[in-house]
Amino acid sequence: MAAVSPTVVHSTSPHARLTDSHGRVIHDLRVSITDRCNYKCVYCRTGEHGAQYPELAIEEYLRLIGLFVSLGVTKVRLTGGEPLLRRGLFELIQELARLRTLTDEPLDLALTTNGHLLDTLASPLKAAGLHRVTVSMDAVDEPTFERITRVPGSFQKVLSGVRAARAAGLTPLKINCVLLRGFNDGQVEAFAHFARQEDVAVRFIEFMPLEEDRLWTPAIVVPLKEIVARIGRVLPLVELPPREASETARRFGFSDGKGEIGIIAPVTQAFCGACSRVRLTSDGKIRTCLFSQIEHDLYGRMREGASDAELRAYIHRTVQGKEARHHIGEPGFLKPSRSMVHIGG
Ligand code: SAM
């Protein structure tokens, strides 16, 4: 790939920072770089569709991400689909690792993956400049895991991937686990032991209505309170203070300090008031909330020839309109037109 030079113009004006009309500062950008995935997790994809949305060229992601960084974004998470499938990923990471925030720090550069390709890619990803990864694992029991991913052999691959990521220093290493009642909720206690054995932070995520199939009901969600109570019965937990106001997980440590669990409870304890995130889809649309009903075509404007200043103004206007909160479980709740795999989790 030809060398890319991100067109970042850093403004020193504090007024340039992204804030929404509710006073929230936006400093966290999640970027989907493909909506293709090599897993067919039962709660995410029907398994019938591949990519539905176009992907941008790596240079185009770089320009758009650079604009957000010039507006105060300090944290970029690459996601998908499965980001490790994306050609050009290493060049993208190398270039992102060179960007500086408004306070002249390196970006906090993370990636969320199903871990399937991580055993061989962890070291090169670290060498390219990636700081840390979050790996999705919805069971620590092999048959349950593979019933969810619907890919034979996936459990051992992901386990090796987790270990390779830790050995490569892609840390702190987090494991995301989405619990579904009657499917994998029996794994809660085993995950607590796994967090300690593997010295990783396991994050249980409440299941949100963002699947391709129509699975979601309030009854299938395993609530935060239940998870904490169940783990606390087998291993004493101590709640840890949040590291930053916008932290999505409530964190708990074990009394001897080894391993950690966290619970992300968007359904039963929504954290929208402290949300600091916006998303960019693989086709270059801004989504100001996972549950947005509208998308904002940043890439469309770029393709029409908009200047950086015009694109920054567009980003500012879009972020101003960020939703106050989501309405999961409320009467009249509408699922967004895209499911999680096509938005970028
Ligand atoms: N392929 C990557 C992976 O597996 O981590 C990145 C994309 S995946 C969509 C990102 C995260 O979203 C995963 O941790 C997945 O478990 C989570 N996820 C997917 N659908 C979800 C849903 N309906 N509710 C909560 N989390 C969900």
Side-chain angles (χ1 to χ4, degrees), residues 30-47 49-53 77-86 89 110-118 121 125 130 132-139 145 148-151 154-155 157-158 161-162 165 170 173-181 183-185 187 191 200-218 220-224 227 248-249 262-268 270-271 277 279-282 287 289-291 326 328-329 333 335-336 338-345:
R30 305 214 170 178
V31 185
S32 172
I33 54 175
T34 179
D35 68 339
R36 289 172 289 132
C37 191
N38 43 354
Y39 280 7
K40 293 173 276 192
C41 298
V42 287
Y43 62 87
C44 187
R45 298 179 57 211
T46 58
H49 305 289
Q52 284 182 24
Y53 295 92
R77 177 174 292 277
L78 301 176
T79 182
E82 174 46 44
L84 298 189
L85 295 179
R86 179 59 208 256
L89 173 65
L111 177 142
T112 301
T113 172
N114 60 28
H116 192 80
L117 298 171
L118 209 48
L121 295 185
L125 285 168
L130 187 68
R132 54 203 174 84
V133 289
T134 298
V135 181
S136 303
M137 277 187 86
D138 301 308
F145 186 92
I148 294 173
T149 62
R150 298 188 275 196
V151 174
S154 52
F155 181 75
K157 280 285 287 176
V158 174
V162 166
L170 290 168
L173 182 61
K174 291 184 199 160
I175 305 289
N176 274 356
C177 168
V178 178
L179 290 172
L180 280 77
R181 175 92 55 211
F183 218 99
N184 61 345
D185 57 326
Q187 297 282 298
F191 258 116
V200 292
V202 173
R203 300 275 186 258
F204 296 102
I205 306 177
E206 288 178 348
F207 179 44
M208 295 178 277
L210 284 168
E211 74 286 21
E212 283 186 343
D213 281 340
R214 297 265 157 190
L215 272 183
W216 195 90
T217 63
I220 209 170
V221 177
V222 183
L224 176 145
I227 301 168
T248 50
I263 300 169
I264 302 179
V267 181
T268 65
F271 38 80
R277 276 166 298 284
R279 288 178 159 79
L280 194 62
T281 60
S282 61
R287 292 185 64 92
C289 172
L290 264 178
F291 295 94
H326 68 64
I328 300 175
F333 168 79
K335 260 174 114 166
R338 294 194 198 210
S339 57
M340 186 71 123
V341 67
H342 303 294
I343 294 173

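Heavy-atom basis, side chains included; hydrogens, waters and symmetry copies ignored. Positions are given from 1 along the sequence. Numbering of ligands and ligand atoms starts at 1, following listing order.
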Separation between CD (Glu206) and CD1 (Ile220), nearest 0.5 Å, reads 13.0 Å
The atoms of ligand 1 lying under 4.0 Å from a heavy atom of Glu206, numbered in the order shown, are 25 (C)
In Arg203, Lys174, Arg77, the residue satisfying side chain to side chain donor-acceptor pair (under 3.5 Å) with Thr134 is Arg77
Ranked by distance from atom 9 (C) of ligand 1, the top protein heavy atom is Met340 CG, 3.6 Å
When distances are taken from atom 16 (O) of ligand 1, the protein heavy atom at minimum range is Tyr43 OH, 2.6 Å
Logged contact type for Thr112 with ligand 1, heavy-atom cut-off 4.0 Å, is both
Separation between CD1 (Ile205) and CD1 (Ile264), nearest 0.5 Å, reads 4.5 Å
*Mark yes or no for whether Arg86, through its side chain, and Ile33, through its backbone, hold a donor-acceptor pair below 3.5 Å.*
yes
Next on the checklist: Tell me if the NZ atom of Lys40 is crowded by more than 12 foreign heavy atoms within 6.0 Å.
Outcome noted: no
the protein heavy atom lying closest to atom 10 (C) of ligand 1 turns out to be Gly345 CA, 3.8 Å
Practice item. Walk me through it: do Tyr43 and Asp138 pass the test side-chain hydrogen bond (donor to acceptor under 3.5 Å, both in side chains)? Key: CA-CA 10 Å; Tyr43 62 87; Asp138 301 308; 2.8 Å; yes
In this structure, atom 23 (N) of ligand 1 is nearest to the protein heavy atom Met208 O, 2.8 Å
Taking only non-hydrogen atoms of Gly80 and a 4.0 Å limit, the atoms of ligand 1 in range are 7 (C), 9 (C)
Counting heavy atoms under 4.0 Å, the part of Thr79 that contacts ligand 1 is side chain
The atoms of ligand 1 lying under 4.0 Å from a heavy atom of Thr113, numbered in the order shown, are 2 (C), 3 (C), 4 (O), 5 (O)
For Asn176, the ligand 1 atoms with a heavy-atom partner under 4.0 Å come out as 14 (O)
For a salt bridge (Lys or Arg N to Asp or Glu O under 4.0 Å) check, start with the C-alpha distance between Glu211 and Arg45, then their side-chain angles and the critical distance, and finish with the verdict.
CA-CA 6 Å; Glu211 74 286 21; Arg45 298 179 57 211; over 6 Å; no
Heavy-atom closest pair (Val162 atom, Leu173 atom, distance to 0.1 Å) is O-CD2, 3.5 Å
- Item | Any N or O of Asp138 closer than 3.5 Å to N or O of ligand 1 | no
In short, His342 meets Tyr53 closest at the heavy-atom pair CB-CE1, 3.6 Å
Among Gly115, Gly81, Ser32, Ser136, the residue with a heavy atom nearest to atom 1 (N) of ligand 1 is Gly81
closest protein heavy atom to atom 26 (N) of ligand 1 is Val178 CG2, 3.5 Å
